[in-house]
Amino acid sequence: MSNRDLNALRAALEAFADARQWDRYHSPKNLCMALSVEVAELTEHFQWKTEIESRTLTDAERSGVIDEVADVLLYLLQICNKLNIDPVEAGFEKMAKNALKYPV
């Protein structure tokens, strides 16, 4: 996904929430709690699967995982919107820190 696409998604997400007047519910705290629920729902798709099974999902299983990945992404982007964080820049900065912490 290009940065332009990510910015378009962020804007569309903000417009979606604004149209429904959800801003009063979308504090960083509430969004973080909702994100943790969605991560748990994503995890649930892999619960009790072996390593191999987790890599070879059926089409139906993959569809469910895709939905949960989208929910996780959307809540994370909402947090970024509320706190004025560029998630791509944050990701690159964290990778640079990790490279120093975990040298080859």
Next on the checklist: My understanding is that only residues two or more places apart in sequence, or in another chain, count here; which of them pass side chain to side chain contact (heavy atoms under 4.5 Å, CB included) with Thr50?
Outcome noted: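 Thr50: side chain to side chain contact (heavy atoms under 4.5 Å, CB included) contacts with Ile52, Glu53.
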Next on the checklist: If the condition is side chain to side chain contact (heavy atoms under 4.5 Å, CB included), which residues does Glu93 pass it with, not counting sequence neighbours?
Outcome noted: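 Side chain to side chain contact (heavy atoms under 4.5 Å, CB included) check on Glu93 returns Glu89.
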Next on the checklist: List the residues meeting side-chain hydrogen bond (donor to acceptor under 3.5 Å, both in side chains) with Asp23, not counting sequence neighbours, and say none if there are none.
Outcome noted: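 Asp23 satisfies side-chain hydrogen bond (donor to acceptor under 3.5 Å, both in side chains) with Lys82 only.
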Side-chain donor-acceptor contacts of residues 96-104 below 3.5 Å, not counting sequence neighbours, with atom names and distances?
none

State yes or no: do [X] and [Y] share one hydrophobic cluster built from I, L, V, M, F, W and Y residues joined by side-chain heavy-atom distances below 4.5 Å, directly or via other members?
X: Leu35; Y: Leu77; value: no
X: Phe92; Y: Leu6; value: yes
X: Met95; Y: Val88; value: no

Checklist entry - More than 12 non-hydrogen atoms from neighbouring residues, nucleotides or ligands closer than 6.0 Å to CZ on Arg20, yes or no? => result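 More than 12 within 6.0 Å, yes.
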Checklist entry - Around Gln47, counting heavy atoms of other residues, nucleotides and ligands shown, do more than 12 lie under 6.0 Å from its CD? => result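 Buried by this count: over 12 neighbours within 6.0 Å.
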Checklist entry - Can you list the steps and then say if Cys32 with Ile79 is a side chain to side chain contact (heavy atoms under 4.5 Å, CB included)? => result CA-CA 7 Å; Cys32 189; Ile79 293 168; 4.3 Å; yes
Next on the checklist: Per the salt bridge (charged side-chain N to carboxylate O under 4.0 Å, His left out) rule, what does the pair list look like for residues 25-45, sequence neighbours excluded?
Outcome noted: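 Of all non-adjacent pairs touching residues 25-45, none passes salt bridge (charged side-chain N to carboxylate O under 4.0 Å, His left out).
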Next on the checklist: Nearest 0.5 Å, please: how far is CG in Asn30 from CD in Gln78?
Outcome noted: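 If I round to the nearest 0.5 Å, the distance is 11.0 Å.
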Item to check | Residue pair Ile85 / Arg10: nearest heavy atoms and the distance that separates them | outcome: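 Shortest heavy-atom separation between Ile85 and Arg10 comes out as O-NH2, 3.1 Å.
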Checklist entry - Given side chains that start at C-beta, do those of Phe46 and Leu57 come closer than 4.5 Å, heavy atoms only? => result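 Heavy-atom side-chain distance check passes, below 4.5 Å.
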Item to check | Remaining members of the apolar cluster that contains Trp22, side-chain heavy atoms under 4.5 Å | outcome: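 Under the 4.5 Å side-chain rule, Trp22 groups with Phe16, Tyr25.
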Side-chain atoms of residues 58-73: list all donor-acceptor pairs with protein atoms under 3.5 Å, sequence neighbours left out, distances to 0.1 Å.
{"residue": "Thr58", "atom": "OG1", "partner": "Glu61", "partner atom": "N", "Å": "3.0"}
{"residue": "Thr58", "atom": "OG1", "partner": "Glu61", "partner atom": "OE1", "Å": "3.3"}
{"residue": "Glu61", "atom": "OE1", "partner": "Thr58", "partner atom": "N", "Å": "2.8"}
{"residue": "Glu61", "atom": "OE2", "partner": "Lys49", "partner atom": "NZ", "Å": "2.7"}

